[in-house]
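Shown next, in structure tokens, is the structure this report addresses.
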Number of protein chains: 2
Amino acid sequence: MAFEDTFKALSDPVRRRILTLLKGGMMSAGDIASNFDMTGATVSYHLSVLKKADLIYEKKEKNFIYYGLNMTVVEEMMLWLSDLKGDSTDDKQE
Amino acid sequence: MAFEDTFKALSDPVRRRILTLLKGGMMSAGDIASNFDMTGATVSYHLSVLKKADLIYEKKEKNFIYYGLNMTVVEEMMLWLSDLKGDSTDDKQE
DNA sequence: CACCTATTTAGAAATCTATCTAAATAGTAT
DNA sequence: ATACTATTTAGATAGATTTCTAAATAGGTG
């Protein structure tokens, strides 16, 4: 939802790994969870954090929920870093 | 020190604001602290987190400690995000 | 309908984080 | 040496985060 949330979301290694997994295309919650050594409930929690940060979106189909990467927010993140570096391509933020 | 630490360091708004302040050039711990409504000890804690993440470096002079931005790590961060977007300019990480 | 599968929600415990106050360090200057 | 200034370290605490187990939802299927 906010800039703040995006940075928070990216601060956890599990969540970054989820994003990396999604680079390969949409995946169901279960498929994502099978990549980790933790309960589905925990992975579901991480997915909710990523969703709140708008880093992923979901699409329900049958009784599966598929998740996909949302690039828009990643670009905003890069703009912030770019601005920090001094590339005054775009304006300040936060 | 590690990639992990950098993301963690960036996840706090106070620390991001410190980095933004340092965009304008090096500043002493005291000058940085005067920009916040919190004790010097707390700001010192945040500086230590940024330092551990290699996002800033320090330089002692007289009995002041000056802090400056370290761009190298910011670039690594951008590479990670860039890679997530699919720009396979450089290799994977973590 | 009764059941099975996929996923989330709720509640609790353990760990981590941000903040404060008080004390320690260290360099300057008198 | 004593005192002053700048900053950090230590110890404590309130609040946030991650993880688990158990239960709730919700959509298919026999």
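So that the names make sense, note that chain A is the first sequence line, chain B the second, and so on, each numbered from 1.
Note that CE of B:Met71 and CG of B:Leu55 are 10.0 Å apart. Values are rounded to the nearest 0.5 Å. How far CD1 of A:Ile56 is from CG of A:Leu19: 7.5 Å, rounded to the nearest 0.5 Å. From A:Thr72, atom OG1 reaches atom CG of A:Asp54 across 8.5 Å, with rounding to the nearest 0.5 Å. The distance from the OG1 atom of B:Thr20 to the CG atom of A:Asp83 is 7.5 Å, given to the nearest 0.5 Å.
Listed in residue order, the members of residues 28-36 of chain B having a heavy atom less than 4.0 Å from DNA chain C come to none.
Applying the 6.0 Å contact sphere to NZ of B:Lys59 captures no more than 12 heavy atoms from other residues, nucleotides or ligands.
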I'd like a list of close polar pairs between nucleotides 15-18 of chain C and the protein, N/O only, cut-off under 3.5 Å.
from: C:dA18; atom 1: OP1; to: B:Asp12; atom 2: OD1; distance (Å): 3.4
from: C:dA18; atom 1: OP1; to: B:Arg15; atom 2: NH2; distance (Å): 3.2
from: C:dA18; atom 1: OP2; to: B:Arg15; atom 2: NH1; distance (Å): 3.2
from: C:dA18; atom 1: OP2; to: B:Tyr45; atom 2: OH; distance (Å): 2.5

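Among B:Arg17, B:Met26, B:Met27, B:His46, the single residue meeting the side chain to side chain contact (heavy atoms under 4.5 Å, CB included) criterion with B:Ile32 is B:Met27.
Taking the charged nitrogens against the carboxylate oxygens, A:Lys8 and B:Asp12 have no contact shorter than 4.0 Å, which rules out a salt bridge.
The footprint of chain A on DNA chain D, defined by a heavy-atom cutoff below 4.0 Å, extends from D:dT17 to D:dG28.
The closest donor-acceptor contact from the side chain of B:Arg15 to the backbone of B:Leu10 lies at 3.5 Å or more, if one exists at all. Counting only distance, with no hydrogens or angles, the side chain of A:Lys51 and the backbone of A:Tyr67 share no donor-acceptor pair below 3.5 Å.
In the interface, the side chain of A:Asn63 is paired with the base of C:dT5 through a donor and an acceptor atom under 3.5 Å apart.
Mapping A:Phe64 and A:Ala41 onto DNA chain C via the closest heavy atom, the residue that lands nearer the 5' end is A:Phe64. Nearest-nucleotide assignment on DNA chain D puts the 5′-proximal partner with A:Thr39, out of A:Thr39 and A:Lys62.
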Self-check item: Full working for side chain to side chain contact (heavy atoms under 4.5 Å, CB included) between A:Trp80 and B:Val74
Solution: CA-CA 10 Å; A:Trp80 189 87; B:Val74 175; over 6 Å; no
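Using a 4.0 Å heavy-atom criterion, one finds that B:Tyr66 contacts no nucleic acid atom at all.
Side-chain contact between A:Phe7 and B:Phe7: absent, with no pair of heavy atoms (C-beta onward) separated by less than 4.5 Å.
Counting to the nearest Å, the C1' atom of C:dT28 and the NZ atom of B:Lys60 are 16 Å from each other.
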